[in-house]
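I have placed the structure first, in the form of structure tokens, so that the comments after it can refer back to it.
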2 protein chains.
Amino acid sequence: MARPRSEDKHQALLEAATEIVAGHGLAAPTAQIARRAGVAEGTLFRYFATKDVLVNALYLHLKGQLCTALQEGFDPAASLKARAEAVWNNYIDWGIANPTACRAMSQLAVSGKILPETHAAAVKLFPALEGLTSACCLSGLDANQSDEFRRALMASVAQVAMSFSSTDPARAAAYKASGFAVMWRTLTDA
Amino acid sequence: MARPRSEDKHQALLEAATEIVAGHGLAAPTAQIARRAGVAEGTLFRYFATKDVLVNALYLHLKGQLCTALQEGFDPAASLKARAEAVWNNYIDWGIANPTACRAMSQLAVSGKILPETHAAAVKLFPALEGLTSACCLSGLDANQSDEFRRALMASVAQVAMSFSSTDPARAAAYKASGFAVMWRTLTDA
DNA sequence: ATCTGATGAGTGAGCACTCACGCACATGAA
DNA sequence: TTCATGTGCGTGAGTGCTCACTCATCAGAT
């Protein structure tokens, strides 16, 4: 019938948005994103109805990349600790290899623009992650509360380890190991 | 010689900014802040030359409140662990008692608008805190690197414990205790 | 030939910040 | 104590800019 929409432009827009958002956060102007992607500003709005839609799509896109990286060499048969450490190392390695994507994701995570359904969709990208944090309870908390709390602790410790590793890649191995030790104890002893 | 500037208005502006920033982040409009403070928009710019100046002043103001709270009952003669736990508990209690201030501070911390000198000034507000995190080294890191890393880990664990305690005050005691256990091991064993 | 993607100047809303004016207040002379 | 004086605060409509988003028009795939 007519000209089809280009998958290339879709990807180019997401990649351009990653770079601009990493630098400017939510203040990233759509005009700049479009220019970086090599398309007109109007074209951006043909692919993403509003900036909010773009921002949510970008978040899911980045989470997708991250989750793919996390599952690298994932062996469901390995011990809990081995699985946890593999995911942990993949996470930090991904952060070091993709600092821009990583920064953009952090910016989006605190932006307040990510809809609950986007978060829900992101969780489904790596179902096997669920099982990793439900090994035991923290004293004084029931299983559900404890699991949520532990998950949040793990994410925040990982975030710190990753940001330090990124800043000082020479020490990455030490940050990885120390961070994992802290987290592993959080998962199993606390 | 002339009409003096009003300390009341200065305070009112900082308090209004706290509320609006907690809700809107950096996107908080100066017009709304001024209205909430009960002054004209032009007045805001008589007290703070630019929005960036206001934002930095607000950060320091909130850090000041926090540091005062942290030092509640601080006993330099107590054991390291006792001092650490006292500060820890004060921190979480402050977060529960001042959710708005706490949210505003988090928003400012990630805004990228806080100048290095503002951060430097904030650190000086509670010098005794320095000594709390320099007990030992993490394996593979020298003392300085380890200290900075440990400090960041502690802050992020505290942040999580506080946000969970805030959301679910009934469980606050459990989150406080679990979080402190995690952090204490981080400080001493890792 | 036809329909739809691509374009970029245009639009209106919202923003930080300004400024000319009115007035409150500290000061000093009486 | 009283009052004249001038300094500088308080004001809010105004200014210029940036932004997300639109639309009339063109270009190209089928």
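Side-chain atoms are counted along with the backbone in the values below, which use heavy atoms only and exclude waters and symmetry mates. Chain letters run A, B, ... following the sequence lines, proteins first and then strands; every chain starts at 1.
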(Q) Treating N90(A) as the side-chain partner and E72(A) as the backbone partner, does any N or O pair qualify as donor plus acceptor under 3.5 Å? (A) yes

Q. Rounded to whole angstroms, how far apart are CG on L13(B) and C1' on dC9(D)?
A. 13 Å

Q.
Does the structure place the NZ or CZ of R171(B) under 6.0 Å from the centre of the six-membered ring of F164(B), at an angle of no more than 45° from the ring's axis?
A. no

Q | Separation of atom CG in D8(B) from atom P in dC25(C), rounded to whole Å | A | 13 Å

Q) dC9(D) C1' sits how many Å from F48(B) CZ, rounded? A) 15 Å

Q) Do V53(B) and L60(B) sit in the same hydrophobic cluster, where Ile, Leu, Val, Met, Phe, Trp and Tyr count as joined when their side-chain heavy atoms come under 4.5 Å apart? A) no

Q | Identified side-chain hydrogen bond (donor to acceptor under 3.5 Å, both in side chains) counterpart of T30(A) within the set K51(A), R35(A), E41(A) | A | E41(A)

Q | Between P of dC15(C) and CD1 of I20(B), the distance in whole Å | A | 12 Å

Q) Other hydrophobic cluster members with V110(A), side-chain heavy atoms of Ile/Leu/Val/Met/Phe/Trp/Tyr under 4.5 Å, chained? A) V110(B)

Q) Do V21(B) and Y59(B) have side chains that get closer than 4.5 Å, going by heavy atoms? A) no

Q.
Protein within reach of the bases, or only the backbone? For nucleotides 10-21 of chain D, mark each nucleotide 5' to 3' as B, S or -, using heavy atoms under 4.0 Å.
A. BBB------SBB

